[in-house]
Amino acid sequence: MDASPGSSSALNTDDEQTALISPTVVAGLKNLGAIISLPLTKLLIANSLKLTLHPDATIAPVPELYAKNAACAKQSEYAVVTLFALGTKHGWDGLQLRQQLEQLNLDGAAVDELSRVYEDSRKDLILRQLQIGHSFPHITDIQWRIVCDVKSSTSDCSTGAACFHINLGHFRQSSGERVTIVEFVCNAEELQSLINRLKEIERHCQQMAVV
């Protein structure tokens, strides 16, 4: 019997969604409950969830995950983090995630655990996704140095011009670590132009504040 147009469309949609999961991720997921024992699979999924929700936090290492096959465990950890991110991005609930996993012929117990953890943590995963997708970098620190082109003993070519190496960044609240957001190099004229534009923005903001 030929499939109806509606069922054909649904099938195509499922195929498209499954195609979102790369072969590397599929390979990592297939390790769960197979190469990696079920107890360690549960531990790995829980650890991957922590990495997904708190990437900036210092998460205690779990040595037993990497004792036997570190490469395999890291591949599976990456696969679980990616799976949860994909599911959140495309608005899957626990049942939809399970349907995607069942098409990949994974270990049944691993599918149960992945679906349960994802559904239980879905609200937190959505909030994390919103924080990533809708916030601009917050620059709170600037570092700079002057780079000057001088004539060397091996070359007669030199401009003698000084350039400014600018590094904009911020500090992570959790660890205090400085993170670079953007780096660029400019000459004195370009730097002055940038400063003038920033002052122009500052004046505009001040005008808006008193309106």
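With contacts defined as side-chain heavy-atom distances shorter than 4.5 Å, the pair V25/L86 does not qualify. For the pair D93 and Y118, the minimum side-chain heavy-atom distance is 4.5 Å or more. Within the 4.5 Å cutoff, the side chain of S22 has no heavy atoms near those of the V26 side chain. Side chains of I45 and F84 form a contact here, defined as non-hydrogen atoms less than 4.5 Å apart. In this structure the side chain of I166 reaches within 4.5 angstrom of the side chain of I142, judged on heavy atoms. Between V147 and H165, some side-chain heavy-atom pair lies under the 4.5 Å cut-off.
Clustering ILVMFWY residues whenever any of their side-chain heavy atoms sit less than 4.5 angstrom apart, transitively, puts L29 in a cluster other than the one holding I35. L104 and L83 fall within the same hydrophobic cluster, defined by Ile, Leu, Val, Met, Phe, Trp and Tyr side-chain heavy atoms under 4.5 Å apart, directly or through other members. Hydrophobic clustering, with ILVMFWY side chains joined whenever heavy atoms are under 4.5 angstrom apart, groups L53 together with W92. Side-chain heavy atoms closer than 4.5 Å link hydrophobic residues (I, L, V, M, F, W, Y) into clusters, and following such links, possibly through other members, connects L194 to W144. The hydrophobic clustering, which links ILVMFWY residues whose side-chain heavy atoms are closer than 4.5 Å, places V182 and L198 together.
The side-chain hydrogen bond (donor to acceptor under 3.5 Å, both in side chains) with S76 is formed by just one residue from the set N69, N31, T41; it is N31.
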Applying side-chain contact (heavy atoms from CB on, under 4.5 Å), run through L49 and L125 and close with a yes or a no. CA-CA 9 Å; L49 177 66; L125 289 167; 4.1 Å; yes
Working for side-chain contact (heavy atoms from CB on, under 4.5 Å), residues I146 and F164: CA-CA 5 Å; I146 298 176; F164 297 87; 3.7 Å; yes
For L40 and L32: C-alpha separation, side-chain torsions, deciding distance, then whether side-chain contact (heavy atoms from CB on, under 4.5 Å) applies. CA-CA 8 Å; L40 286 181; L32 302 176; over 6 Å; no
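Among residues two or more places apart in sequence or in another chain, the salt bridge (charged side-chain N to carboxylate O under 4.0 Å, His left out) test is passed with R116 by E113, D120. For the salt bridge (charged side-chain N to carboxylate O under 4.0 Å, His left out) test, residues two or more places apart in sequence or in another chain that qualify with E119 are R122.
Summarising the geometry, atom CD belonging to E202 is positioned 8.5 Å from atom NZ belonging to K199; distances are rounded to the nearest 0.5 Å. Taking NZ of K42 as the reference point, atom CD1 of I36 lies at 14.5 Å (rounded to 0.5 Å). Rounded to the nearest 0.5 angstrom, I181 CD1 and L168 CG are separated by 7.5 Å. Atom OG1 of T82 and atom CD of E77 lie 11.0 Å apart (nearest 0.5 Å).
Contact detail for C163 and V185: the closest heavy-atom pair is CB-CG1, 3.8 Å. Scanning both residues, V111 and E102, for their nearest heavy atoms gives CG1-CG, 4.4 Å. Closest of all the heavy-atom pairs between S48 and V81 is O-CG2, 3.6 Å. Across all non-hydrogen atoms, the minimal contact from I21 to Q100 is CD1-CB, 4.5 Å. For the residue pair A109 and D107, the shortest heavy atom distance occurs at N-OD2, 3.1 Å. The two atoms that bring L44 and A73 nearest to each other are CD1-O, 3.6 Å, heavy atoms only.
Pairs engaging residues 173-192 under the salt bridge (Lys or Arg N to Asp or Glu O under 4.0 Å) rule: D141-R178, R172-E177 [sequence neighbours left out].
Sparse packing is recorded around OH of Y78, with 12 or fewer heavy atoms of other residues, nucleotides or ligands lying under 6.0 Å away.
A salt bridge links D112 with R98: the closest approach of a Lys/Arg side-chain nitrogen to an acidic carboxylate oxygen falls below 4.0 angstrom.
The backbone N or O of Q192 lies less than 3.5 Å from a partner atom in the side chain of N196, making a donor-acceptor pair.
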